[in-house]
Amino acid sequence: MDWIHCNNCFNQLEPGVTLHLTSCGHMFCNNCLNNGLKEGTCLVCRVPCSIMKLVPDMNQEIQDYFTDPEELIKKCSEVLQFQRQHRRRLLSYLLQSTKKFYKARSELKRMTELCQTQHKQLKEYQKIVKKLDNQLNRAGQPKQMSPFSVPISPGSNLSPTFIQTTPTYKRNAKSTPYNQPYQSNLLTPTRISKQRTASFSASQRSNTSNKISSTVFTPPTPESVGYSNFLKNL
């Protein structure tokens, strides 16, 4: 490198010449360092400093100051491209994740609205089922019949309008004279036994008449077959 030189005598780097670097950023050769440099003081800026020998295996941070800038720019470009490539991959993943998140949030909102609608419909269906169960239970219970053939359920109440509009029926009462016995067509145990006794006696009389009629002798007529024998036996 043509720019490396001693800042005191301006001699460039040659074989057999060793340069030293101060902490303040100045370089000095061995001759200037041995002749004019005071202990711990720079020959150019006259400030306290530390001295470091320039060798190939020195610290990498210090080597970068003595590296060709084109190589540094190329290396920085490679570093920049490497970092940009991984940054793009990360940004692409984050972008896809963001799209999925908004899509999932929209779907969640839609499903929430759908669940709320179905919940309302379920409540309505439950009311309908409960109403039908009550009707079925009332239909299964025995119904009481009113005198006017109007079905009355045990738990129902008649409204005043129904009572006012219910027709009334009147019968003409028949008066029975006191000197005649009261006759009724109702069947009582006494009447049933009398009817059975009368029917039984009538059946016995009919059987007796049949037996008597069957034992009466009837003489044969001249046209009958055994009429001649009958005359001989006389």
When every non-hydrogen atom of Y65 is compared with those of W3, the smallest separation belongs to O-CH2, 3.6 Å
Give a yes or no on whether L13 and F66 share a hydrophobic cluster (residues Ile, Leu, Val, Met, Phe, Trp, Tyr; joining criterion: side-chain heavy atoms under 4.5 Å apart). yes
For C29 versus C6, what's the shortest heavy-atom pair and its separation? N-SG, 3.2 Å
More than 12 heavy atoms of other groups within 6.0 Å of E61 CD: no
Check for me, please, whether L132 and Y125 land in the same ILVMFWY cluster - side-chain distances under 4.5 Å, paths through other members count. yes
For the CD atom of E71 and the CG atom of D64, what is their distance to the nearest 0.5 Å? 10.5 Å
Do M52 and H20 have side-chain heavy atoms sitting under 4.5 Å apart? no
Are V17 and E14 side-chain neighbours, meaning at least one heavy-atom pair lies under 4.5 Å? yes
Heavy-atom count check: over 12 atoms from other residues, nucleotides or ligands less than 6.0 Å from Q60 CD? yes
How far does NE2 of H119 sit from NZ of K123, to the nearest 0.5 angstrom? 4.0 Å
Within the 4.5 Å heavy-atom criterion, are L43 and H26 side-chain neighbours or not? no
Report yes if the side chains of L54 and M58 come closer than 4.5 Å at any heavy-atom pair, otherwise no. yes
To the nearest 0.5 Å, how far apart are CG in D133 and CD1 in I128? 12.0 Å
Please report the interatomic distance CG(N30) to CG(N11), rounded to the nearest 0.5 Å. 11.5 Å
Any side-chain heavy atom of L19 sitting closer than 4.5 Å to one from F28? no
Could you go through M27 and I4, starting from their C-alpha distance and side-chain angles, then the distance that decides it, and tell me whether this counts as side-chain contact (heavy atoms from CB on, under 4.5 Å)? CA-CA 8 Å; M27 292 182 291; I4 300 176; 4.2 Å; yes
With the side chain counted from C-beta on, respond yes when E124 and K127 share a heavy-atom pair under 4.5 Å apart, and no when they do not. no
Within this structure, what is the CD-OG1 distance for the pair E113 and T117, rounded to the nearest 0.5 Å? 7.5 Å
Are the side chain of S77 and the backbone N or O of I73 linked by a donor-acceptor pair below 3.5 Å? no
Give a yes or no on whether Q121 atom CD has more than 12 heavy-atom contacts from other residues, nucleotides or ligands under 6.0 Å away. yes
Flag the pair V47 / T41 as yes when at least one side-chain heavy-atom distance between them is below 4.5 Å, and no otherwise. no
Distance from L21 atom CG to I51 atom CD1, nearest 0.5 Å? 10.0 Å
Aromatic centroids of H5 and F10 separated by under 6.0 Å: yes
Quick one: does S97's side chain have a donor or acceptor within less than 3.5 Å of a partner on Y93's backbone? yes
Please report the shortest heavy-atom distance between D57 and V55, naming the atom on each side. OD1-CG2, 3.0 Å
